[in-house]
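The chains referred to below are lettered A, B, ... by the order of the sequence lines, with proteins before strands, and numbering in each begins at 1. In what follows, every heavy atom counts, from backbone to side chain, and hydrogens, waters and symmetry copies are set aside.
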Amino acid sequence: MSGESAEPMVWTDERIEQLKELWAEGLTTGEIGKRLGVSKNAVVGKAHRLGLKGRPSPIKRTKAPRQTPAAPKEKEQKIRSVVDLSAHTCRWPIGDPREPGFHFCGAPTIANKPYCAEHAAIAYVGASSPKSPPPRDEDAA
DNA sequence: CCCTGATTCGC
DNA sequence: GCGAATCAGG
């Protein structure tokens with residue numbers, strides 16, 4: 001008949017007291033964790049939150065190694081589209097036109113060529129007739 | 001390899 | 001706020 005609800009793993013004053021007590025005794029997080037039936041992480045986590053300080057283990061971590069590098073935020077797109085090309089911008093295609101991220105070189109061109117110095121050398125490789133600019137792998141579409 | 005504690009991140 | 005995960009040192 002007792003309306004005893006299941007303990008939702010909540011740190012009650014009692015448990016917190018035990019935690020502080022055992023912690024003050026000099027027990028380690030692992031010991032306290034075993035005593036209270038929680039993981040040492042839970043103990044150290046609660047201890048840290050409670051404001052308890054660990055005298056031992058003056059371990060110092062470098063900086064913020066824990067970072068989520070998976071945060072691709074589109075803030076600025078420096079991709080040159082075909083409409084951004086002018087008479088003095090290299091029209092050398094970068095990547096495959098059918099692929100996303102395809103763009104043009106955009107570097108300053110030389111003479112009256114539609115390409116920059118580097119790409120012009122590739123385009124007009126010694127021959128009288130200009131070769132195909134992009135080294136297409138295959139056009140099996 | 002075992003332990004310790006500290007910080008960060010997801011729920 | 002809680003704890004696991006991760007990191008850092010002994």
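Taking for each of A/Val44 and A/Lys34 the nucleotide of DNA chain B with the nearest heavy atom, the 5'-most of the two is the partner of A/Lys34.
Rounded to whole Å, atom C1' of C/dG3 lies 7 Å from atom CZ of A/Arg49. To the nearest angstrom, C1' of B/dC3 lies 11 Å from CD of A/Glu31. The NZ-P distance, from A/Lys40 to B/dT4, rounds to 7 Å in whole Å. Atom pair A/His48:NE2 and C/dA8:C1' shows a separation of 14 Å (rounding to whole Å applied). Rounded to whole angstrom, the span from the NZ atom of A/Lys46 across to the P atom of B/dA6 amounts to 16 Å. Distance, A/Leu27 CG to B/dC3 P: 16 Å, rounded to whole Å. As rounded to whole Å, 14 Å separates atom P of B/dT7 from atom CG of A/Asn41.
Between A/His119 and A/Cys90, the shortest heavy-atom distance links the atoms ND1-SG, 3.4 Å.
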task: Start with the C-alpha distance between A/Glu118 and A/Ile122, add both sets of side-chain angles, then the distance that settles side chain to side chain contact (heavy atoms under 4.5 Å, CB included), and finish with yes or no.
output: CA-CA 7 Å; A/Glu118 283 196 48; A/Ile122 309 175; 5.7 Å; no
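Atom CD of A/Glu25 is surrounded by more than 12 heavy atoms from other residues, nucleotides or ligands within 6.0 Å.
In the set C/dC2, B/dT4, B/dA6, the nucleotide with an atom closest to the side chain of A/Thr28 is B/dT4.
Between A/Trp92 and A/Tyr115, the ring-plane angle classifies as perpendicular under the 30° and 60° cut-offs.
Checking the phosphate oxygens (OP1, OP2) of C/dG3, no side-chain nitrogen or oxygen of A/Ser39 falls inside 4.0 Å.
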